[in-house]
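What follows is a short report on a single structure.
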Amino acid sequence: MMFNELRSGCGMGGEREGKPERAELRSQIDVGSPVPPESPSMSGDGKTLPLKVAEGQNGDSLLERISTGIEGLDVMLKGGLIKGRAYLIKGGPGSGKTILSMQILLEGAKRGEKVAYVTLMEPEDKLRENMSALGFDLSKVNIIDLSPTSDHPILMSVIEPEKGIDLNTFRSVLENILVEHVDIIAIDPITMFKAMMPETQYRAGILRLIRLFRRKLNSKSATVILISSSSELVDIEDYLVDGVIELRTVEVGGRIVRAIKIVKMRGSDFDEVLRPYRITDRGIEVYPDLSVSEV
Ligand SMILES: Nc1ncnc2c1ncn2[C@@H]1O[C@H](COP(=O)(O)OP(=O)(O)OP(=O)(O)O)[C@@H](O)[C@H]1O
Ligand SMILES: [Mg+2]
């Protein structure tokens, strides 16, 4: 079976033709299955999705949606992320958090938006290497390397070796670097700061950070993507953001299957079902018309 057949039913609102057998799907979606060479691009057409009306707190707001660059995820989100909001992408090691956030940024760059990626763990050269293996062109992504191996002069000057940097310092570092407007910013992983400070301080720090992108740097709010390397079901960060997307693995009949779940999405309806996803040689693909137990 060609992989295209599997994806034919996964487009936004697309009719499902040539529906593959369940057994075939199972072999395609298992974590360990080989990547078919003909996997199509996961990116959308780079345009902002049609404006969708969703009721805000006052019941009257118009919420502009932006595509994540992953068709199946846009379907689950009922039209994409709400622009200018803060999101958390959480999942265990190797679950695809960096790839997913990069796909969101690349889709923004395609629309002509200014996008930035702050890496706190993975050094820039490794990140570029891994992303270029997926065919991602990062030339339009402003990569800010604040990883421990970076020698960023601002960062080095404020690091206290025994404490690392706190969120307030990090915020002023970002404020200094990102002097110009940014439409989408990803911070990977925000949980880097967690072990360094008491919970109340961490919580306040994250809220201040989100507020910085809401007001300080922009006339328009930036969409903020925070990455959490926690695989706990509920963490403090979950309460502080507008939306949470979780990447998990689940056991189905003795097999391990990758599964994506939208935990919350303020101001919008969303698909609450755990859906299977794959990491292919083109990035993440989500299957919004399949449930994990069905494959
Ligand atoms: N071409 C590919 N085909 C299949 N899977 C791939 C491919 N390239 C990468 N992967 C998967 O993607 C994972 C890495 O993705 P990514 O770096 O986004 O994960 P992460 O959640 O950010 O990990 P970490 O917690 O270590 O930062 C690898 O563990 C691998 O399983
Ligand atoms: Mg990562």
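Read the numbers this way: they start at 1 and go in the same order the structure lists the ligands and their atoms. Heavy-atom basis, side chains included; hydrogens, waters and symmetry copies ignored.
- Ligand 1 has no nitrogen or oxygen under 3.5 angstrom from a nitrogen or oxygen of Glu122.
- Looking only at atom types and distance, the side chain of Arg111 has no donor-acceptor partner in the side chain of Ser67 under 3.5 Å away.
- Compare Arg282, Lys126, Gln103, Arg258 by their heavy atoms: the one nearest to atom 30 (C) of ligand 1 is in Arg258.
- By the 3.5 Å distance cut-off applied to N or O atoms, Leu134 is not counted among the residues near ligand 1.
- Residue contact annotation: Gly92 has a non-hydrogen atom under 4.0 Å from ligand 1.
- Not one N or O of Leu100 is nearer than 3.5 Å to an N or O of ligand 1, by distance alone.
- Between the side chain of Tyr87 and the backbone N or O of Ile82, at least one donor-acceptor pair lies under 3.5 Å.
- Neither the backbone nor the side chain of Ser229 has a heavy atom within less than 4.0 Å of ligand 1.
- Coordination check, Met121 versus the Mg ion (ligand 2): failed, since every N/O/S atom of the residue sits at 2.8 Å or beyond.
- Inter-residue side-chain proximity for Tyr277 and Val257 is flagged as unmet; no heavy-atom pair is nearer than 4.5 Å.
- Other residues, nucleotides and ligands place no more than 12 heavy atoms under 6.0 Å from the NZ atom of Lys114.
- At least one N or O atom of Thr98, backbone or side chain, sits closer than 3.5 Å to an N or O atom of ligand 1.
- Inter-residue side-chain proximity for Glu237 and Leu226 is flagged as unmet; no heavy-atom pair is nearer than 4.5 Å.
- The closest approach between a heavy atom of Gly91 and any atom of ligand 1 is not below 4.0 Å.
- There is no side-chain donor-acceptor pair under 3.5 Å between Asp188 and Thr119.
- Distances between N or O atoms of Met131 and those of ligand 1 include no value under 3.5 Å.
- Under the 4.0 Å criterion applied to side-chain N and carboxylate O atoms, Arg128 and Glu124 are assigned as salt-bridge partners.
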